[in-house]
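Presented below is the structure to which this report refers.
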Amino acid sequence: MELSYQSMKIAHQAREADEVRTEMKKKSLLILIYQHLLAQGYMAAAVALDQETNGGVRRFEVCDNIDLEMVLMEYESYHYVKFQRYPKLIRRTAEPGENRRARSVGVKRSSCSAVKPLPKIIPSPRPQSGSGSKRPAASSQTNEIGSSVPPESSEFGLNVSSIRNGPAGEAAMNRKGQMTDGKGAGSDSDHMERLLKPLSGFSGMSGEMRQLAAIISRDIYLHSPNVRWEDIIGLEDAKRLVKEAVVYPIKYPQLFTGILSPWKGLLLYGPPGTGKTLLAKAVATECKTTFFNISASSIVSKWRGDSEKLVRVLFELARYHAPSTIFLDELESVMSQRGTSMGGEHEGSRRMKTELLVQMDGLARSEDLVFVLAASNLPWELDHAMLRRLEKRILVSLPTSPARQAMISHWLPPLNSTGGVELRTELDYETLAKEMEGYSGSDITLVCKEAAMRPVRKIFDALESHQDGDDDMPAIQLETVTTADFLEVLAHTKPSARNLMDRYTAWEREYESV
Ligand code: ATP
């Protein structure tokens, strides 16, 4: 009897000790979170936590230099030892009504309730011989201009490999869809929203400046634009120089000291639609720096004096979030030559330009990892003082013949599937590339889109007459896009920048940087 009373007492004490330990663990967790919030500058959240716990988190402090990051690191090591791989710590929560799988393979659901199911649409049989079509090596995954463009899929639709290879192939091929709009499926880290340091930690700022900081912060890319270097066709020199200027100094800082100290500014110039913005997006995707996508509308304010302050805040924010890249698109619209505008220049605009120059000088003198990437279609309009500060200037030229060929075969591969609709092409890529001399990358995209649209346009009547629920509809045949079709589209679409090219090369000769 005595014995069982003793054992009950011991069990009771053990249970109590367990409860105390669990309570302590919960409290420790809150204190670790509180310390983490303070360290990261999330002051408002820290104060709220303190209030909710009636000051409980402030009455304790953590021992042994432990912090949340260390706890996570320990967990990762434990997981690695146990499973030979690192754990996936977080993933995006599904939005209400969102199907996680649909999102993970990049299937975009239409919000349009009027979407009709399509009847079976089949491509017309491929002619055995015909328009003298020569194909680029279809099995090659890397074309001659170094761009990994799979030959049998296209932006204009899903992809053939999903039919052939199943979901694994589909996942691999979905990367293609990211080329221009960046909305395709990527790895989870591509979808991860960037967590910025809170503005409350942005010290020495008045209320007004903090408001301006909030305006500029809207131009920070929180999502990766998902453009990889290999998505950009051609432009090998430009890619190499951009990597040298932005990527390597962050990756290998020990190499970039003294005379090798990194460039602070780089100008991409050239005809419209040649891939300047695409290069900037590749920097944002590949570099993992804080990327400020700034256009004239971000820093030109109608309030006198605000533009100047916005520029200052932009550079201060870039330093705060360093390493950062500031991308100034259409630079000529904010940095045209001073005092050249008709009727004299507005005082506010002159002060804004001066501030931009001063800030660029500040960068050149500092060790901060902040880099300015600018793009312009009209480099001859740029202020000379600004040009001097953009140490590296790169002409992003019209695509070469191999690049044009790769672009056409990228957009219009021999077999191309759009949301279950297969589109076949019989194209002599080499001839078409020759015919498209002087066309920019975006011109080529438009022509390919128009060529792909032709056979689809022809079936609209049949589709329109198809009643909902009418299952007896015969399969509709989609015509093959031929070289002749393509040439016809070409005859109606003129290159947008061919005549400007001489001016760019003349400017390049005059202002070439090494
Ligand atoms: P602008 O000066 O008018 O802003 P840009 O030089 O910045 O033009 P982008 O916006 O980068 O041109 O390119 C426009 C579109 O053209 C891209 O979305 C892409 O579809 C296509 N494109 C242009 N160049 C390339 C390229 N080198 N590789 C792949 N696609 C390209």
Side-chain angles (χ1 to χ4, degrees), residues 142-150 153-157 175-184 221 225-243 266-286 291 293-298 327-335 373-382 393-413 433 436-452 493 495-498 500-501 503-504 507:
T142 307
N143 62 36
E144 60 194 285
I145 52 166
S147 167
S148 60
V149 179
S153 84
S154 153
E155 170 73 5
F156 296 141
R175 285 258 314 106
K176 284 295 303 303
Q178 296 161 8
M179 185 160 140
T180 48
D181 58 8
K183 290 183 196 124
Y221 270 165
N226 275 336
V227 177
R228 306 272 171 204
W229 297 117
E230 61 271 20
D231 293 335
I232 302 174
I233 300 173
L235 303 181
E236 294 311 320
D237 280 351
K239 281 193 250 181
R240 183 178 51 78
L241 286 169
V242 172
K243 282 184 204 170
L266 186 150
L267 171 69
L268 301 170
Y269 67 95
T274 43
K276 297 182 287 298
T277 311
L278 225 46
L279 279 165
K281 285 184 178 173
V283 169
T285 307
E286 304 270 3
F291 192 89
N293 185 23
I294 305 292
S295 60
S297 60
S298 324
F327 176 52
L328 299 172
D329 203 1
E330 287 164 18
L331 185 63
E332 68 279 354
S333 53
V334 281
M335 232 22 226
L373 183 62
S376 172
N377 294 335
L378 305 168
W380 41 84
E381 287 193 359
L382 293 176
R393 299 181 279 272
I394 302 168
L395 172 60
V396 182
S397 202
L398 291 172
T400 58
S401 181
R404 292 195 297 273
Q405 189 171 335
M407 283 180 195
I408 304 168
S409 60
H410 167 77
W411 297 122
L412 293 177
M436 293 196 83
E437 191 179 347
Y439 283 72
S440 69
S442 79
D443 292 337
I444 295 173
T445 310
L446 286 178
V447 171
C448 291
K449 189 168 182 160
E450 185 55 33
T493 324
S496 51
R498 186 173 13 202
L500 278 175
M501 213 43 228
R503 193 150 185 204
Y504 288 108
W507 195 86

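Counting convention: from 1, in listed order, for ligands and their atoms alike. Please read these numbers as outputs of a predicted model, since none were measured by experiment.
Proximity of His410 to ligand 1, defined as any heavy-atom pair under 4.0 Å, is not found for any part of the residue. Using a 4.0 Å cut-off between heavy atoms, Thr445 contacts ligand 1 through its side chain alone, with no backbone atom that close.
Of the N or O atoms in Ile233, one or more lie within a sub-3.5 Å distance of an N or O in ligand 1. Annotation: Asn377 places an N or O atom under 3.5 Å from an N or O atom of ligand 1; distance criterion only. Considering backbone and side-chain atoms together, Lys276 places an N or O closer than 3.5 Å to an N or O of ligand 1. Taking distance alone, with nitrogen or oxygen atoms compared against 3.5 Å, Ile232 stays at or beyond that limit from ligand 1.
Side-chain contact between Ser376 and Lys276 is absent, with no heavy-atom pair separated by less than 4.5 Å. Contact of the Leu235 side chain with the Leu278 side chain is not registered, since no non-hydrogen atoms from C-beta on lie closer than 4.5 Å. Residues Ile233 and Pro399 fail the side-chain proximity criterion, which asks for heavy atoms closer than 4.5 Å. Residues Tyr504 and Pro379 have side chains in contact (heavy-atom distance under 4.5 Å, counting atoms from C-beta outward). The side-chain heavy atoms of Thr285 and Arg228, taken from C-beta on, include a pair separated by under 4.5 Å. Tyr269 has its side chain within reach of Leu395: a pair of non-hydrogen atoms, C-beta onward, lies under 4.5 Å apart.
Taking Asn293 as the reference, Tyr221 meet the side-chain hydrogen bond (donor to acceptor under 3.5 Å, both in side chains) condition, with sequence neighbours excluded.
Of the listed residues (Thr277, Leu235, Thr274), the one carrying the non-hydrogen atom nearest atom 10 (O) of ligand 1 is Thr277.
Note on ligand 1: Lys281 sits outside its first shell, no heavy atom being nearer than 4.0 Å. For the ligand labelled ligand 1, residue Gly273 lies inside the 4.0 Å heavy-atom shell.
Taking every heavy atom of Met407 and a limit of under 4.0 angstrom, the matching atoms of ligand 1 come to 25 (C), 26 (C), 27 (N), 28 (N).
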